[in-house]
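Structure first, then comments.
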Amino acid sequence: MGSEKHQTKTTTSGAPPEIVKEREMFVRTVLRKGVEFTEELIRENKRYGQEIAKLQTENARLRAQIASEDAIRELLGTIEILEKERSDLLARSRELERTSVKYEDRYLQMEKELNDLASLYVASFQLHATLFPRHVLEHIGDLLDQFVGAKTSVLYIIQPDRRTAEPVAWTKMDESILKPVRLGEGVVGEVCLTGVLMIRHEILSGGNIDNPLAVVPLTAEGQTLGAISVLELLQQKQKWEDVDEELFKLLGAHACTALIASNLFDNGRKDPLIALQGIRAKLPQNCTGFGRESAVDIVR
Amino acid sequence: MSELSCLVVEDSPMMRQLIVFALARIKNMIVTEADDGVTGLKKLSGNHFDLVITDINMPIMDGLKLIKKIRSDSSHKAVPIIVITTEGSEEDRARAIALGASAYITKPIQAPQVITKVKELLGI
């Protein structure tokens, strides 16, 4: 038995149980550590997986952003092109507008010229459309009143002594203020003497018998034979028109001849057909056609 | 476009011719002329006119009486009337308008002014 006390127990492998136990403990510890390490690895793996997913999402977002930025850049390029086109179109539009305004101005100018020509044509047509002095004077009055817009006017005729001009016709004025004018004296006398048209451009109101707004010399065959004095204008007439001066020139050249013709007719024959007879006899013998002398005769 | 007819009543041949010139520039416009209100009324009777243009100061029958007569005639009651006058006063215009004139133009007239007014009244 005593020997049994000193006998050391052994295992099947022959190693002492403490060693076996210690080995088992070691193995268990290693295994546990392995398990823990594996678990740690799994957790780590999972974490990395999540991180990768996160990065992939971020990557996708960044890719989308880059794509979007490309689209924006493309859009900006398109906008730039469109802006240029817009600017070109605006420039073209402005140019067209300028052209349009130019044509509109030209059209208005032509319209005005047409209107002025119509007025001049009608005035000249009507002045010579009658052989009665009264009607010629009426037409002169109408021309002054309705075409020019004269409110008051006087027509003077120079007397045979060529010293004075007598008022012979007038519109809407007190006759008591009318008197003959001496040639060379006052505005009317000056125009009768010089034959130069006078228009007061600076002022269109406040005219009177001594200071008329316009005086038109009446001429025939190169001589001044009278004058028309415009004293006042209608209240709606705010300024002289370009055509007014043309109408005055027309009056100056046509009113006198129309008055002379009608007065001669009135003093003589009353039948216009009779008055026309004998015209041919008044032409020179060597004239051709409408009264011009033949070229041969002119050379001689 | 059908024909349009206008009666121009004006005693001054010069003014009448100028108005006719202006109206001739409106397409399909046929113009009839009269030199006083009575002649104007005679031309109106039994005829249709799309427009009447009349002066105020005329012998025999003036423009205001003519307007009154036209407006009292059922067959011409609605015809537009333009008054052309030398008078620039508001009173004359008011009288013409009160009697039934549709519009007025003061002399000296300008053709474009007449054309615009006529087109406006005829809706062309």
Side-chain angles (χ1 to χ4, degrees), chain A residues 104 107-130 132 134-153 171-172 204-205 230 232-244 247 250-251 254-255 258, chain B residues 8-27 29 31 33-36 53-60 62-63 82-97 103-120:
Chain A
E104 205 172 311
Y107 174 77
L108 287 174
Q109 197 184 336
M110 283 169 70
E111 182 79 23
K112 191 176 176 301
E113 278 171 18
L114 185 67
N115 189 46
D116 292 352
L117 284 171
S119 298
L120 292 169
Y121 170 78
V122 171
S124 144
F125 179 95
Q126 293 293 340
L127 275 176
H128 296 288
T130 177
F132 295 99
R134 185 188 149 196
H135 291 163
V136 174
L137 285 169
E138 273 177 10
H139 292 333
I140 294 171
D142 281 354
L143 205 155
L144 290 165
D145 172 26
Q146 303 184 13
F147 281 35
V148 175
K151 189 179 173 189
T152 51
S153 51
T171 51
K172 295 173 188 166
L204 270 82
S205 60
V230 177
E232 294 170 287
L233 296 173
L234 293 170
Q235 67 177 51
Q236 64 267 33
K237 176 93 177 180
Q238 299 296 317
K239 64 180 177 71
W240 293 114
E241 301 292 339
D242 294 340
V243 73
D244 290 338
L247 282 166
L250 184 140
L251 258 178
H254 291 255
Chain B
V8 178
V9 190
E10 165 68 73
D11 62 320
S12 158
M14 206 172 265
M15 202 63 202
R16 204 166 60 235
Q17 193 178 6
L18 195 66
I19 297 167
V20 172
F21 258 53
L23 292 173
R25 289 168 62 193
I26 299 174
K27 210 176 171 187
M29 178 64 82
V31 184
E33 300 174 45
D35 55 9
D36 64 67
I53 298 179
T54 180
D55 187 16
I56 292 276
N57 301 313
M58 289 185 293
I60 308 172
D62 69 21
I82 298 176
V83 174
I84 296 188
T85 177
T86 42
E87 308 302 329
S89 79
E90 197 59 46
E91 194 186 329
D92 285 310
R93 292 173 192 175
R95 275 184 72 197
I97 298 292
Y104 60 83
I105 297 174
T106 47
K107 296 173 189 173
I109 65 159
Q110 299 288 318
Q113 192 187 6
V114 176
I115 295 168
T116 307
K117 198 63 88 180
V118 168
K119 283 185 171 178
E120 188 186 304

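Atoms considered below: every heavy atom in the structure, side chains included; atoms not considered: hydrogens, waters and symmetry mates. Quick note on labels: first sequence line is chain A, next is B, and so on, each numbered from 1. Computed from a predicted model, the values in this text were never measured in an experiment.
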Rounded to the nearest 0.5 Å, what separation is found between the CG atom of A:D142 and the CD atom of B:E10? 7.5 Å
Rounded to the nearest 0.5 Å, how far apart are CD of A:Q126 and CZ of B:R16? 8.0 Å
Nearest 0.5 angstrom please: B:S12 OG to A:H139 NE2, how far? 7.5 Å
Does atom NZ (A:K151) have a neighbourhood of more than 12 heavy atoms from anything else shown, all under 6.0 Å? no
So, for A:V122 and B:Q17, which heavy atoms are closest and what is the spacing to 0.1 Å? CG1-OE1, 3.5 Å
Do A:L114 and B:R25 have side chains that get closer than 4.5 Å, going by heavy atoms? yes
Start with the C-alpha distance between B:I109 and A:F147, add both sets of side-chain angles, then the distance that settles side chain to side chain contact (heavy atoms under 4.5 Å, CB included), and finish with yes or no. CA-CA 7 Å; B:I109 65 159; A:F147 281 35; over 6 Å; no
Contact between A:V148 and B:P108 at the side-chain level, heavy atoms closer than 4.5 Å - yes or no? no
Among the listed options A:L143, A:L127, A:D116, A:V243, the residue most often paired with chain B at heavy-atom distances under 4.5 Å: A:L143
When rounded to the nearest 0.5 angstrom, what is the spacing between CG in A:D145 and CG in B:N57? 9.0 Å
Side-chain heavy-atom pair B:Q110, A:E111 within 4.5 angstrom cut-off: no
State the CG-CD distance between B:D55 and A:Q146, to the nearest 0.5 angstrom. 6.5 Å
By ring pair (Phe, Tyr, Trp, His ring centres under 6.0 Å) - contacts of A:F125 (at least two apart): A:Y121
